[in-house]
2 protein chains.
Amino acid sequence: MSNSKLYKGSLSTIILQLLFKEDKMYGYEITQRVKELTKGELNITEGALYPALHKLEAEGLLEVEMKKVDNRLRKYYKLTQKGTTESVSKLEELERFMQTMNGLIDPKPSLG
Amino acid sequence: MSNSKLYKGSLSTIILQLLFKEDKMYGYEITQRVKELTKGELNITEGALYPALHKLEAEGLLEVEMKKVDNRLRKYYKLTQKGTTESVSKLEELERFMQTMNGLIDPKPSLG
DNA sequence: AATTAATACCTAAGATTTTTATGCATAAGG
DNA sequence: CCTTATGCATAAAAATCTTAGGTATTAATT
């Protein structure tokens, strides 16, 4: 609902970035955290999130730890070493991308 | 080549934004302009561009004017009234998205 | 003169990512 | 008891992009 099409392609970056700061989170928590941090602007659907988490895990960027809380099972994800590295480079890529987009929508004349 | 996955979903925004400033452009020109404006960071493939242009035209956001230059045919695209409106709202959406992403990667504590 | 690169359009198969629509199960609230 | 919230998951469909072709003219290189 009301999800910007622009968000496409940025899901794994968001996941890695959250885990970089939070150390460990479970899926449902991620959807709620994103909703809260973006004031409802971004709503990650579970149909997108879980496959994305599984893929990141398969790539060796995340590792899993199961935990039972209130008799309900949670799958906590945290970055591996490789995931930490990737998280940093994805952040740089995001910043580069945003600069690039800014350059497109608001071209600065070359200095000099 | 070397295209950020983040760019997915932003192609139509880019097209509309270029046409907003340029008044009229043809397809090949758009690929070159983007490459130039982004210093090679973004390379729009023709396989992505042409279907996107056709879709925007079908949606009534662009209109076409054929022109023969050097015995080669060019399809010039320009914004319709509706396309101009959409261009503005897409730009706002992009700016909102970038703020949102900034809020995600660098959460500011609430003031007060 | 012949070949390659650049200009200029196009489409179709495949890959990737996301939405939509489900399903299951436990806990809490009305 | 029934609905909402929590918590996981998958599968069909839609959307978007890459890759890999195709056609044709003009300019540059060999």
Side-chain angles (χ1 to χ4, degrees), chain A residues 1-16 24-36 40-59 61-62 64-77 90 93-94 97 101, chain B residues 1-16 24-36 38 40-59 61-62 64-77 90 93-94 97:
Chain A
M1 309 94 174
S2 90
N3 259 343
S4 166
K5 277 185 188 169
L6 297 163
Y7 127 89
K8 284 170 206 299
S10 61
L11 180 53
S12 62
T13 303
I14 292 172
I15 293 171
L16 294 176
K24 81 182 179 196
M25 297 181 83
Y26 56 99
Y28 187 76
E29 187 183 11
I30 292 176
T31 65
Q32 302 306 304
R33 184 65 50 85
V34 168
K35 196 186 295 184
E36 166 203 331
E41 279 269 324
L42 234 63
N43 287 301
I44 295 181
T45 61
E46 300 187 335
L49 179 68
Y50 290 115
L53 286 171
H54 300 161
K55 194 185 174 207
L56 290 171
E57 187 192 353
E59 289 168 350
L61 305 181
L62 302 184
V64 182
E65 188 191 335
M66 306 295 288
K67 223 165 224 173
K68 206 170 196 174
V69 179
D70 288 331
N71 211 36
R72 268 198 249 90
L73 214 53
R74 289 181 185 169
K75 273 178 88 172
Y76 278 93
Y77 289 90
K90 283 252 190 195
E93 196 183 331
L94 174 60
F97 173 71
M101 288 303 282
Chain B
M1 308 97 170
S2 89
N3 258 343
S4 166
K5 278 184 188 170
L6 297 164
Y7 128 89
K8 280 171 209 297
S10 61
L11 180 53
S12 63
T13 303
I14 292 171
I15 293 171
L16 293 176
K24 82 183 179 195
M25 297 181 83
Y26 57 98
Y28 186 76
E29 186 184 12
I30 292 177
T31 65
Q32 302 306 303
R33 184 67 50 85
V34 168
K35 195 185 296 183
E36 166 202 331
T38 67
E41 279 269 322
L42 233 63
N43 288 301
I44 295 181
T45 60
E46 301 188 336
L49 179 67
Y50 289 115
L53 285 172
H54 300 161
K55 193 184 174 208
L56 291 171
E57 187 191 354
E59 290 168 350
L61 305 181
L62 302 184
V64 182
E65 189 191 336
M66 306 293 289
K67 222 165 225 174
K68 206 170 195 173
V69 179
D70 288 331
N71 209 38
R72 268 199 247 90
L73 215 52
R74 287 181 186 169
K75 275 179 85 171
Y76 277 94
Y77 290 90
K90 284 252 189 193
E93 196 183 331
L94 174 59
F97 173 71

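Note on naming: letters A, B, ... go to the chains in the order of the sequence lines (proteins, then strands), and numbering restarts at 1 for each one.
- Taking only side-chain nitrogens and oxygens, Y28(A) never comes nearer than 4.0 Å to OP1 or OP2 of dC8(D).
- Nearest-nucleotide assignment on DNA chain D puts the 5′-proximal partner with R72(A), out of R72(A) and V69(B).
- In this structure, CG on L56(B) lies 5.5 Å from CD1 on I15(B), to the nearest 0.5 angstrom.
- A sub-4.0 Å separation between OP1 or OP2 of dT17(C) and a side-chain N or O of K5(B) is present.
- Side chain of E29(A) to main chain of Y26(A): a donor-acceptor pair is present (N/O by atom type, distance under 3.5 Å, no hydrogens or angles).
- Minimum atom distance to the side chain of Y7(A) is reached by dT18(C), of the listed dC8(D), dT26(C), dT18(C).
- Remark: P of dC9(C) and CE of M66(B) are 8 Å apart, rounded to the nearest angstrom.
- With dC8(D), dA8(C), dT19(C) as the candidates, the nucleotide lying closest to the side chain of T45(A) is dT19(C).
- When each of dC8(D), dC9(C), dT6(D) is scored by its nearest atom to the side-chain atoms of Q32(A), the top-ranked nucleotide is dT6(D).
- Between L49(A) atom CG and dT10(D) atom P there is a gap of 12 Å when expressed in whole angstrom units.
- Residue-level contact check: G27(A) touches the backbone only, with heavy atoms under 4.0 Å from sugar-phosphate atoms and none from bases.
- Rounded to whole Å, the distance from CE on M25(B) to P on dT7(C) is 14 Å.
- In this structure, CG on L16(B) lies 6.0 Å from CG on L61(B), to the nearest 0.5 angstrom.
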Worked verdict on E57(B) versus V64(B) for side chain to side chain contact (heavy atoms under 4.5 Å, CB included): CA-CA 8 Å; E57(B) 187 191 354; V64(B) 182; 3.3 Å; yes
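- No engagement by E29(A) is indicated, since no non-hydrogen atom pair under 4.0 Å with the nucleic acid exists.
- The side chain of K8(B) contributes no N or O atom lying less than 4.0 Å from OP1 or OP2 of dT16(C).
- K55(B) comes within contact range of the sugar-phosphate backbone alone, with a heavy-atom separation under 4.0 Å but no base atom that close.
- Note that CD1 of I30(A) and NZ of K35(A) are 14.0 Å apart. Values are rounded to the nearest 0.5 Å.
- Closest to the side chain of N71(B), out of dT19(C), dT7(C), dT26(D), is dT26(D).
- Picking from dT18(C), dA9(D), dC10(C) the nucleotide with the shortest atom distance to the side chain of K75(A) gives dA9(D).
- Put simply, NZ on K68(B) is 12 Å from C1' on dA24(D), counting in whole angstrom units.
- As rounded to whole Å, 19 Å separates atom P of dA24(D) from atom CG of D70(B).
- Comparing the start and finish of the helix from dA1(C)-dT30(D) to dG30(C)-dC1(D), five pairs each, the helix axis swings through 10°, to the nearest 10 degrees.
- Side-chain contact between T13(A) and E93(A) is absent, with no heavy atoms from C-beta onward closer than 4.5 Å.
- Residues Y26(B) and G47(B) each lie close to DNA chain C; by heavy-atom proximity, the contact nearer the 5' end of the strand is made by Y26(B).
- As a whole-Å value, the separation of E65(A) CD from dG7(D) C1' is 17 Å.
- Atoms OG and CG, from S4(A) and N43(A) in turn, are 12.0 Å apart once rounded to the nearest 0.5 Å.
- Taking the nucleotide of DNA chain D with the nearest heavy atom to each of A48(B) and L53(A), the more 5' of the two is matched to L53(A).
- Distances shorter than 4.0 Å separate none of the side-chain N or O atoms of H54(A) from OP1 or OP2 on dC8(D).
- The structure places OH of Y28(A) at 13.5 Å from CD1 of I44(A), a figure rounded to the nearest 0.5 Å.
- Annotation: side chain of S10(B) is in contact with side chain of F97(A) (closest heavy-atom distance under 4.5 Å).
- The side chain of Y50(B) contributes no N or O atom lying less than 4.0 Å from OP1 or OP2 of dC10(C).
- Rounded to whole angstrom, the span from the CG atom of L6(B) across to the P atom of dT18(C) amounts to 10 Å.
- Atom P of nucleotide dA8(C) and atom NZ of K35(B) are separated by 13 Å, given to the nearest angstrom.
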